[in-house]
Amino acid sequence: MAPDKGPVAPKGHTRLRVMVLEDEPLAAMALDDMLVDLGFITLGPFMELDDATDFVRDHAAEIDVAILDVNIHGDLSFDLAALLHQRNIPFFFCSGYSKEAFDPRWRRWPNLGKQYSEARLTAMIEEACGVRA
């Protein structure tokens with residue numbers, strides 16, 4: 001059973017379901033902890049592109065927004081970004097790469113960067129989802 005978006009979560013954030021793709025275990029755990037502390041529901045974190053892609057194909061309706069690391073064990077997540085875009089699922093990147101290193105078709109998409117605050121993470125999620133605080 002999929003979690004509902006339900007009541008307002010701690011710190012006033014809605015219960016948006018956030019899919020996370022991050023291959024570095026410590027970064028994945030830190031992001032997951034931060035999202036939970038902020039009141040979001042996390043889906044994942046996924047540490048493999050194939051697992052994340054399968055989840056999107058099978059559970060797209062459960063995803064409100066996705067956060068994608070760009071480099072996953074040497075493979076790039078741009079095909080997954082295309083799948084999310086095709087399914088009208090908002091997403092943004094969370095990568096240490098500069099946008100100049102991105103595939104040109106994805107340079108206009110937001111990149112949170114690897115050093116971020118709770119406030120910046122929340123703002124990126126809300127912006128991607130069209131939520132206004």
Side-chain angles (χ1 to χ4, degrees):
M1 185 166 139
D4 69 10
K5 293 182 188 179
V8 173
K11 299 188 183 181
H13 300 290
T14 59
R15 301 287 289 177
L16 292 172
R17 297 165 297 185
V18 182
M19 185 188 116
V20 175
L21 172 65
E22 171 60 65
D23 66 339
E24 295 294 330
L26 292 177
M29 288 176 15
L31 179 54
D32 183 63
D33 288 346
M34 189 179 290
L35 288 166
V36 169
D37 288 348
L38 289 167
F40 298 105
I41 297 167
T42 57
L43 306 173
F46 295 93
M47 301 182 87
E48 301 289 337
L49 271 170
D50 289 344
D51 294 339
T53 301
D54 290 344
F55 186 81
V56 171
R57 286 188 180 127
D58 296 340
H59 302 281
E62 297 173 28
I63 305 167
D64 294 312
V65 62
I67 302 172
L68 306 180
D69 187 8
V70 171
N71 184 335
I72 305 297
H73 305 294
D75 292 320
L76 301 178
S77 64
F78 298 127
D79 287 343
L80 179 57
L83 179 62
L84 290 163
H85 186 61
Q86 288 171 345
R87 305 266 172 124
N88 295 313
I89 298 169
F91 68 92
F92 57 90
F93 297 104
C94 183
S95 175
Y97 288 146
S98 70
K99 284 194 171 188
E100 289 74 34
F102 283 23
D103 178 312
R105 66 186 164 150
W106 300 111
R107 287 183 185 155
R108 69 179 180 99
W109 254 257
N111 180 27
L112 180 60
K114 288 289 183 167
Q115 301 297 321
Y116 51 84
S117 65
E118 287 185 354
R120 183 71 183 128
L121 174 63
T122 300
M124 291 285 285
I125 291 169
E126 291 175 346
E127 182 179 324
C129 294
V131 175
R132 299 290 173 243

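Being a predicted model, the structure only gives us computed values, none of them experimental. Counting from 1, the numbers follow the sequence of the chain as shown.
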*Asks:* Quick check: closest heavy atoms across Ala61 and Arg17, and the distance to 0.1 Å?
*Replies:*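 Minimum heavy-atom contact is O-NH2, 3.5 Å.
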*Asks:* Determine whether the side chains of Asn111 and Ser95 contain a donor N or O and an acceptor N or O closer than 3.5 Å.
*Replies:*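 On atom types as modelled, these side chains do not qualify, holding no pair under 3.5 Å.
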*Asks:* How long is the gap from CG on Asp32 to CD on Glu22, to the nearest 0.5 Å?
*Replies:* 11.5 Å
*Asks:* Which atom names give the shortest non-hydrogen contact between Pro25 and Asp23, and what distance separates them?
*Replies:* CD-O, 3.3 Å
*Asks:* Is it true that atom CZ of Phe78 has more than 12 heavy atoms of other residues, nucleotides or ligands lying nearer than 6.0 Å?
*Replies:*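 Yes.
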*Asks:* Arg15 and Asp64: which non-hydrogen atoms are nearest, and at how many Å?
*Replies:* O-OD2, 4.3 Å
*Asks:* Using 0.5 Å steps for rounding, measure from the CG atom of Leu68 to the CG atom of Leu21.
*Replies:* 5.5 Å
*Asks:* Checking the side chain of Glu24 only, and the main-chain atoms of Leu26 only, is there a donor and an acceptor separated by less than 3.5 Å?
*Replies:* no
*Asks:* Do Leu121 and Ile67 touch side chain to side chain, with heavy atoms closer than 4.5 Å?
*Replies:* yes
*Asks:* Are more than 12 heavy atoms from other residues, nucleotides or ligands located less than 6.0 Å from atom NE2 of His59?
*Replies:*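 Buried by this count: over 12 neighbours within 6.0 Å.
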*Asks:* Taking Ser117 for its side chain and Arg120 for its backbone only, find out whether a donor-acceptor pair lies under 3.5 Å.
*Replies:*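 Yes; judged by distance alone, with no hydrogens or angles, the pair exists.
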*Asks:* For Ala81 and Phe93, work out which heavy atoms get closest and say how close.
*Replies:*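 Closest heavy-atom pair between Ala81 and Phe93: CB-CZ, 3.9 Å.
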*Asks:* Applying salt bridge (charged side-chain N to carboxylate O under 4.0 Å, His left out) as the test, list every pair that has at least one member in residues 44-57; sequence neighbours left out.
*Replies:* none
*Asks:* Is there a path of hydrophobic side-chain contacts, each under 4.5 Å between heavy atoms of I, L, V, M, F, W or Y residues, that connects Met47 with Leu43?
*Replies:* no
*Asks:* Between Asp69 and Lys114, does any NZ, NE, NH1 or NH2 come within less than 4.0 Å of an OD or OE carboxylate oxygen?
*Replies:* yes
*Asks:* If only atom types and distance count, is the side chain of Arg107 paired as donor or acceptor with the main-chain N or O of Phe102 below 3.5 Å?
*Replies:*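 It does hold such a pair.
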*Asks:* Return the CD1 to CD1 distance between Ile63 and Ile89, rounded to the nearest 0.5 Å.
*Replies:* 4.5 Å
*Asks:* Of all heavy-atom pairs between Ala128 and Pro90, which one has the smallest distance, and what is that distance?
*Replies:* O-CB, 3.2 Å
*Asks:* Just checking Phe91 against Trp109, ring centres under 6.0 Å apart?
*Replies:* yes
*Asks:* Please round to the nearest 0.5 Å and tell me the distance separating atom CZ of Phe55 and atom CZ of Phe46.
*Replies:*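 Those atoms lie 4.5 Å apart.
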*Asks:* So, taking the atom named OG1 in Thr122 and the one named CD in Glu127, what distance separates them when rounded to the nearest 0.5 Å?
*Replies:*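 With rounding to 0.5 Å, OG1 (Thr122) is 12.5 Å from CD (Glu127).
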*Asks:* Show your reasoning for whether side chain to side chain contact (heavy atoms under 4.5 Å, CB included) applies to Ile125 and Leu35.
*Replies:* CA-CA 10 Å; Ile125 291 169; Leu35 288 166; 3.5 Å; yes
*Asks:* How far does CG of Asp103 sit from OG of Ser77, to the nearest 0.5 angstrom?
*Replies:* 10.5 Å
*Asks:* Please tell me if the side chains of Tyr116 and Leu31 come closer than 4.5 Å, counting only heavy atoms from C-beta onward.
*Replies:* yes
